[in-house]
Amino acid sequence: MPGGRLTQPERRRIAAGLAEGLSYSEIARGLRRPASTVTREIARNGGPSDYQPDRAHLATERRARRRKPGAPASARPSPTPAAAHGRDPEAVDGLARRLAALLVTTGLPEMMARVLACLYTTDSGSLTSAELVRRLRVSPASISKAVGYLEEQELIRREREPRQRRERYVCDNEVWYRALQASARVSAELADIAEQGAGVLGPATPGGVRLKDMSRIHGHISRDILQAAERWRHIPSGDRTADGDRTMEDAPGTGRPPAAEAGRGSS
């Protein structure tokens, strides 16, 4: 995959791809460039509806001439969050895209998945609406709809910044605990309605038996999810090792004594 700045012929191929209605990923594959390179190029130079390759090339050359080599560290722009800690921004962007795609397969709408993945791959775990708009290159209305949905699902929460009017959207360490609780509630409701349905259809009828089985399995799922979530929540984050099964068994509230206590009881 070639590196370095885009050439003028490459920029003309980007314009041709946009005119053909190709996606950014398809254009990038044709150039053998990362999709994020094409996305940044288009966003920086007028967007898909106003991208002009020759103008974009001249603007890049002017920016390059304005840069002075060997500028002191204080004069250099601070690294983007993706580039912080020596990370490869392309790798971080790729991680966020893969995470979002996986979240979509779980039933989360695409924009909501992109917002959640963006928050989860940010060190702070929080971003303002304006920051999400810049990072995802979408409209404020799209962000507003996405965060509203994620709040309803208890996957994020909002905080108002001290002495400021703007709000930040936060994906904290409790997010999956709340999501598991919500999932357990849905399973419990399915168990209840299935049990009622078995009574309506008749417990001895084929339909009644089917609904009774549905009630049992969702009842078990609800209880198992809640128990697992509570066990995990009581484990200090530093103790959440790869040996997760043993650690969770020794956690408070599991009904099982810690390993040391069990050893003393058997002696």
Side-chain angles (χ1 to χ4, degrees), residues 23-29 34-40 42-43 48 80-85 87-159 167-190 217-218 221-222 224-233 235 237 240 242 244 248:
S23 68
Y24 291 179
S25 297
E26 290 171 323
I27 295 172
R29 282 196 295 272
S36 57
T37 299
V38 173
T39 301
R40 283 196 300 270
I42 295 170
T80 63
H85 305 291
R87 297 171 180 140
D88 178 359
E90 300 285 353
V92 176
D93 288 345
L95 169 64
R97 286 194 300 272
R98 293 195 303 274
L99 177 56
L102 184 58
L103 290 171
V104 168
T105 67
T106 70
L108 201 62
E110 182 180 0
M111 182 51 61
M112 291 63 170
R114 291 181 65 195
V115 169
L116 191 58
C118 187
L119 287 168
Y120 230 78
T121 53
T122 303
D123 282 319
S124 65
S126 70
L127 293 168
T128 65
S129 177
E131 288 169 335
L132 285 166
V133 166
R134 286 196 298 272
R135 292 191 185 202
L136 297 178
R137 297 181 176 89
V138 296
S139 69
S142 297
I143 296 299
S144 178
K145 182 178 179 180
V147 297
Y149 177 92
L150 292 171
E151 275 190 294
E152 288 179 2
Q153 301 300 312
E154 299 186 48
L155 291 171
I156 66 171
R157 57 184 171 83
R158 68 175 70 200
E159 291 180 350
E167 294 178 322
R168 301 190 73 83
Y169 300 102
V170 182
C171 179
D172 58 28
N173 292 335
E174 293 283 291
V175 60
W176 295 115
Y177 174 75
R178 294 194 299 272
L180 287 171
Q181 282 188 313
S183 178
R185 285 196 297 270
V186 171
S187 288
E189 290 170 1
L190 284 170
I217 189 169
H218 280 286
I221 288 171
S222 177
D224 288 348
I225 289 174
L226 285 174
Q227 289 169 3
E230 287 298 328
R231 287 199 299 268
W232 189 252
R233 194 185 194 193
I235 300 170
S237 60
R240 293 172 185 173
M248 287 181 68

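None of the values given here were measured: they were computed from a predicted structure.
Here the closest heavy-atom approach between residue Leu108 and residue Ala113 is recorded as CD2-CA, 3.6 Å. Here the closest non-hydrogen pair linking Val104 and Glu110 is CG2-CA, 3.8 Å.
Looking only at side-chain heavy atoms (C-beta outward), Arg135 and Leu127 come within less than 4.5 Å of each other. Within the 4.5 Å cutoff, the side chain of Gln227 has no heavy atoms near those of the Glu230 side chain. A heavy-atom distance below 4.5 Å is found between the side chains of Leu99 and Tyr120. Using a 4.5 Å heavy-atom cutoff, the side chains of Tyr149 and Lys145 are not in contact. Side chains of Met111 and Val138 form a contact here, defined as non-hydrogen atoms less than 4.5 Å apart. Counting heavy atoms from C-beta outward, Ile143 and Val115 have side chains that approach closer than 4.5 Å. Looking only at side-chain heavy atoms (C-beta outward), Cys118 and Leu132 come within less than 4.5 Å of each other.
Applying the salt bridge (charged side-chain N to carboxylate O under 4.0 Å, His left out) criterion to Glu26, with sequence neighbours excluded, gives no partner residue. Every residue meeting the side chain to side chain donor-acceptor pair (under 3.5 Å) condition with Ser126, not counting sequence neighbours, appears here in chain and number order: Arg168. Every salt bridge (charged side-chain N to carboxylate O under 4.0 Å, His left out) that Glu90 has, sequence neighbours left out, goes to Arg40.
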Practice problem: Output, in order, the C-alpha distance, side-chain angles, deciding distance and verdict of side-chain contact (heavy atoms from CB on, under 4.5 Å) for Ile217 and Ile221. | Solution: CA-CA 6 Å; Ile217 189 169; Ile221 288 171; 4.0 Å; yes

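A distance of 6.5 Å separates CE of Met112 from CG of Leu150, quoted to the nearest 0.5 Å. Note: Leu119 CG to Leu155 CG = 10.5 Å, rounded to the nearest 0.5 Å. Between Glu131 atom CD and Ser124 atom OG the span is 7.5 Å, to the nearest 0.5 Å. Separation of atoms CZ (Arg231) and CG (Leu226) is listed at 11.0 Å; rounding is to 0.5 Å. The distance from atom OH of Tyr24 to atom CZ of Arg137, rounded to the nearest 0.5 Å, is 8.5 Å. Rounded to the nearest 0.5 angstrom, Asp93 CG and Arg98 CZ are separated by 10.5 Å.
Between Glu151 and Arg157, no side-chain nitrogen of the basic residue sits less than 4.0 Å from a carboxylate oxygen of the acidic one, so the salt-bridge criterion is not met.
A donor-acceptor pair is defined here as one N or O able to donate and one able to accept, closer than 3.5 Å; no such pair exists between the side chain of Ser144 and the backbone of Pro140. A distance-only check finds no donor-acceptor pair linking the side chain of Glu189 to the backbone of Val186 [under 3.5 Å]. Side-chain N or O atoms of Thr122 include none that pairs as donor or acceptor with a backbone N or O of Gly125 at under 3.5 Å. Without hydrogens or angle criteria, Thr121 side chain to Ala117 main chain gives a donor-acceptor distance under 3.5 Å. Between the side chain of Ser187 and the main chain of Ala184, no donor-acceptor pair closer than 3.5 Å is present.
By the 6.0 Å contact criterion, CG on Leu102 is enclosed, its count of non-hydrogen atoms from other residues, nucleotides or ligands being greater than 12.
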